[in-house]
Number of protein chains: 2
Amino acid sequence: MNIQEVARRAAVSTATVSRTINGSDKVAPKTAERVRQAIKELNFYPNTNARALGSGRSRLYGLIISDITNPFFPELVRSFEEIAVEAGQEIIVANTGYDPKRTEMCVRRMLERKVDGVAIMTSEMSDPMAERLGQNRLPMVFLDTGVAGLATSNILLDYSRGVDAAVSHLTGLGHERIGFISGPRAFESTRMRSDAFLRALRQQGIAIRDEHLQEGNNHIDGGSLAMERLLQLEERPTAVLASNDLMAIGAVGAIHGRGLAVPRDFSVVGFDDIEISASIYPALTTIRLSRREIASCAFRALYAASHDRKMEGREYRIAPELIVRGSTAPPRLDCKRR
Amino acid sequence: MNIQEVARRAAVSTATVSRTINGSDKVAPKTAERVRQAIKELNFYPNTNARALGSGRSRLYGLIISDITNPFFPELVRSFEEIAVEAGQEIIVANTGYDPKRTEMCVRRMLERKVDGVAIMTSEMSDPMAERLGQNRLPMVFLDTGVAGLATSNILLDYSRGVDAAVSHLTGLGHERIGFISGPRAFESTRMRSDAFLRALRQQGIAIRDEHLQEGNNHIDGGSLAMERLLQLEERPTAVLASNDLMAIGAVGAIHGRGLAVPRDFSVVGFDDIEISASIYPALTTIRLSRREIASCAFRALYAASHDRKMEGREYRIAPELIVRGSTAPPRLDCKRR
DNA sequence: GTGATTCAGGATAACGTTTTCTTGCGGATG
DNA sequence: CATCCGCAAGAAAACGTTATCCTGAATCAC
């Protein structure tokens with residue numbers, strides 16, 4: 001079943017069938033109708049590979065993430081797919097598994113598939129790799145890394161906005177000792193979030209104590225461990241900001257495991273607003289990083305660049321937003337006094 | 001950059017280059033080496049679309065799931081991708097969003113992309129749709145639904161095995177009143193899990209009380225609500241089995257919200273063993289449904305069928321396994337007595 | 001009425017591979 | 001020495017579209 005059979009049945013040339021399928025205005029309404037009829041009768045659907053080969057456009061966007069198992073990503077993937085399908089494109093996602101070697105393979109696969117653009121939502125992309133990509137004049141969009149340039153755009157997360165709001169919220173409640181659980185120091189994203197936190201404290205005139213800064217591993221267990229360390233301190237913080245929700249959940253678990261309660265004894269604030277955060281008990285106060293918004297920016301960037309390849313990329317800025325829920329409250333008085 | 005340039009540089013024909021790339025044994029070692037050299041020098045990578053068009057094989061498997069946001073799926077997707085990439089294939093995943101109309105579109109997209117096979121891990125697939133797929137002689141594998149046939153296989157989950165183990169575990173601890181939180185009655189998977197539970201109770205000689213069977217929505221909040229209802233009962237169960245982990249987590253939240261504790265006052269058992277279950281507090285005892293195993297079966301089924309299209313599909317059986325963690329313990333004595 | 005101008009639609013050459021025939025050629029066989 | 005065989009490698013025909021030219025008819029201006 002191919003375009004020729006359709007052409008024969010509709011008594012037109014294959015060119016006309018192709019034009020009809022692609023919605024060209026160079027075909028008379030009644031002819032188009034005849035073609036559509038034939039397509040329906042034969043239950044024809046075009047071969048994407050041939051289309052891509054003929055036109056040079058694959059109608060495919062690549063999405064590179066580190067690990068779909070990280071709860072930050074599923075919503076991003078879903079949003080991106082939804083938007084793409086809406087626009088008649090498809091997506092192909094690849095997990096790098098935080099491994100540069102696999103990242104290289106992912107990129108290669110994208111190139112081989114002749115994607116129309118690729119969204120790189122992970123920081124394992126080394127500069128030489130990014131450059132190699134750039135040489136292919138492939139529309140790209142990075143999250144929080146790289147620089148905009150020819151056909152490559154950039155989504156910047158304004159961490160400070162979110163962290164400032166969170167810290168204000170806590171000081172507003174009366175907290176004066178605020179702890180921070182960071183991700184692994186090696187990660188770029190860790191540095192950005194930590195910096196934003198330190199800046200916020202300084203701005204609010206709160207003293208920074210080194211022992212209140214604990215390193216986690218971006219997972220629940222690391223959050224628990226980091227919280228345990230904070231709990232053993234002589235001068236414990238009364239509130240804790242974790243640099244992602246998973247660690248915040250771990251911190252809550254550690255607190256409860258000690259027979260203490262959130263938010264009675266400690267306030268906890270997360271980061272990301274993964275889906276589960278809204279429904280656990282207590283519901284997590286957190287800094288939302290809208291995955292839908294990220295996906296939308298990424299798509300717009302790729303779409304624009306893939307339709308005009310000599311276009312300069314631009315920068316998109318996304319402001320996180322504080323979502324206040326049940327895990328924050330004023331500190332206990334006896335703590336406050338101490 | 002195409003195969004011709006490589007051919008010219010290596011002073012061979014395009015056919016030989018193609019053969020070399022595909023590892024044919026019809027090319028002399030030293031010629032192959034020369035070709036590989038040329039490929040490396042030119043930094044050549046083949047065009048997948050042309051390959052697919054020429055050979056009729058896309059090296060692409062489709063994976064249809066309901067919603068990547070459902071924590072059951074990410075691990076399945078990752079495993080499937082890993083296995084596929086290992087074998088030189090790629091995957092393209094589509095979310096149906098539990099919507100039959102979108103499911104139809106997903107199927108169509110798979111057909112257009114000329115996938116070598118499709119794994120349908122969702123139950124929104126209506127029979128006529130499945131039939132339309134079957135007519136294309138496309139290798140398929142279903143999870144828990146449909147029947148094996150020409151080129152279509154089937155993965156069956158042996159719910160009873162897992163549920164029996166869980167119920168035995170609970171009765172072994174001394175529980176005599178066991179509640180059950182099911183998914184929405186409309187779902188096929190709900191029926192299967194519920195039936196397995198009722199069978200297990202009957203087998204263990206435990207009375208079944210209708211009010212101990214509560215319907216949830218497969219999400220955390222539904223689990224909480226269902227648990228609330230169980231807590232208001234005059235004769236509360238002392239243990240609860242939820243038909244997925246999310247609802248079990250919700251149940252734990254509801255129990256804690258009432259000032260009670262798990263497993264001191266209630267034992268809770270989940271189903272699926274999603275990643276988070278191991279690290280929350282208390283860690284969830286649950287019936288593991290290995291996504292890795294499912295992915296592996298699905299891949300094997302597709303791989304076999306796509307390499308020999310006139311092969312009859314087979315049935316794969318997967319036995320869930322009880323993972324005992326911290327959310328189960330003997331019932332409180334005062335409860336037991338009552 | 002003549003030439004210019006649209007415009008629908010046909011012919012056909014790409015697109016970059018794979019694959020099926022062929023074709024030499026060197027060596028084994030009788 | 002003639003013949004056959006095996007085997008590496010080349011020529012060229014698919015594969016199913018899209019896109020670039022063309023063509024011929026109809027419309028229009030003058």
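Per chain, numbering begins at 1; letters A, B, ... match sequence-line order.
Between the CG atom of Asp25(A) and the C1' atom of dT6(C) there is a distance of 13 Å, rounded to whole Å. For Lys26(B) and dT22(C), the NZ to P distance is 17 Å, given to the nearest whole Å. Distance, Phe44(B) CZ to dG16(C) P: 10 Å, rounded to whole Å. To the nearest angstrom, P of dT18(C) lies 18 Å from NZ of Lys114(B). Taking atom CD on Glu33(A) and atom P on dA8(C), their separation rounds to 17 Å, with Å as the unit. The distance between atom CG of Asn49(B) and atom C1' of dT17(C), rounded to the nearest whole Å, is 10 Å. Atom CZ in Arg57(B) sits about 22 Å away from atom P in dG16(C), given to the nearest Å. We find that CG of Asn47(A) is positioned 16 Å from P of dT17(C), with the value rounded to whole Å.
No donor-acceptor distance shorter than 3.5 angstrom exists from the side chain of Arg102(B) to the backbone of Ala94(B), with no hydrogens or angles considered.
If you check every strand for non-hydrogen atoms under 4.0 Å, Val17(B) touches nothing. Here Asn22(A) lies in heavy-atom contact (under 4.0 Å) with sugar-phosphate atoms only. Residue-level contact check: Ala11(B) touches the backbone only, with heavy atoms under 4.0 Å from sugar-phosphate atoms and none from bases. Residue contacts shown for Thr31(B) are limited to sugar-phosphate atoms, with no base heavy atom under 4.0 Å away. Within 4.0 Å (heavy atoms only), Ser18(B) reaches at least one base atom of the nucleic acid.
A salt bridge links Arg109(A) with Glu81(B); the closest basic N to acidic carboxylate O contact falls under 4.0 Å.
When side chains are defined from C-beta on, Thr48(B) does not count as touching Lys114(A), because their heavy atoms never get closer than 4.5 Å. For the pair Val17(A) and Ser13(A), the minimum side-chain heavy-atom distance is 4.5 Å or more. You'll find the side chain of Ile120(B) reaches within 4.5 Å of the side chain of Thr122(B), heavy atoms only.
Scanning both residues, Asn49(B) and Asn49(A), for their nearest heavy atoms gives OD1-OD1, 3.3 Å.
Atom CD in Gln89(B) sits 5.5 Å away from atom CZ in Phe299(B) (nearest 0.5 Å).
The phosphate of dG10(C) (OP1 or OP2) has no side-chain N or O of Thr14(A) nearer than 4.0 angstrom. Contact between the side-chain N/O atoms of Ser13(A) and the OP1/OP2 oxygens of dG10(C) is found at a separation under 4.0 Å.
Arg292(A) pairs in a salt bridge (charged side-chain N to carboxylate O under 4.0 Å, His left out) with only one of the listed residues (Glu275(A), Glu75(A), Glu82(A)), which is Glu82(A).
Toward the 5' end of DNA chain C, the nearer of the two residues Ala15(B) and Leu53(B), judged by each one's closest nucleotide, is Leu53(B). Checking Ala52(A) against Ala28(B), the closest nucleotide of DNA chain D that is more toward the 5' end is the one next to Ala28(B). Take the nearest nucleotide of DNA chain C for Ala50(A) and for Arg19(A): the residue whose nucleotide is more 5' is Arg19(A).
On the nucleic acid side, DNA chain D has its first and last nucleotide under 4.0 Å of a heavy atom of chain B at dA8(D) to dG16(D), going 5' to 3'.
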